[in-house]
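Read the structure below first, then the notes.
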Amino acid sequence: MSVSGLCELCQTNEVVDGCDRCGRVVCADHYDRPTGLCTDCLKEAGGRPTGEEDPVPGDGPDGVDTYEF
Ligand SMILES: [Zn+2]
Ligand SMILES: [Zn+2]
């Protein structure tokens with residue numbers, strides 16, 4: 001499927017693809033290829049598609065005590 005026309009977000013650049021969520025056709029600047037979403041939906045969807053590094057819970061010293069008998 002080929003799309004043509006102007007980006008629905010900036011009305012300036014040529015359309016490259018359609019958003020999977022809202023269906024708007026957007027330019028390369030407003031299309032996030034990895035997720036298939038426009039930048040508008042990307043923001044609404046949480047913003048961070050990659051780099052989800054949760055801090056490890058309870059990362060204290062564990063089993064490093066020295067026992068003296
Ligand atoms: Zn645009
Ligand atoms: Zn969208």
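Ligands are counted one by one from 1 in listed order, and the atoms in each one are counted from 1 as well. If you read the sequence from its start, that first residue is 1, and numbering goes on from there.
H30 contributes atom ND1 as its closest N/O/S atom to the Zn ion (ligand 1).
Rounded to 10°, the angle formed at the Zn ion (ligand 1) by C7 SG and C10 SG is 100°. Rounding to the nearest 10°, we obtain 100° for the angle at the Zn ion (ligand 2) between C19 SG and C22 SG. Note: angle at the Zn ion (ligand 2), from SG of C38 to SG of C41, is 110° (rounded to 10 degrees).
Between the CG atom in D32 and the OG1 atom in T39 there is a gap of 8.5 Å [rounded to 0.5 Å]. Here the CG atom belonging to D20 is positioned 8.0 Å from the OG1 atom belonging to T35, to the nearest 0.5 angstrom. The structure places SG of C19 at 8.5 Å from CG of L9, a figure rounded to the nearest 0.5 Å.
A distance-only check finds no donor-acceptor pair linking the side chain of E8 to the backbone of V26 [under 3.5 Å].
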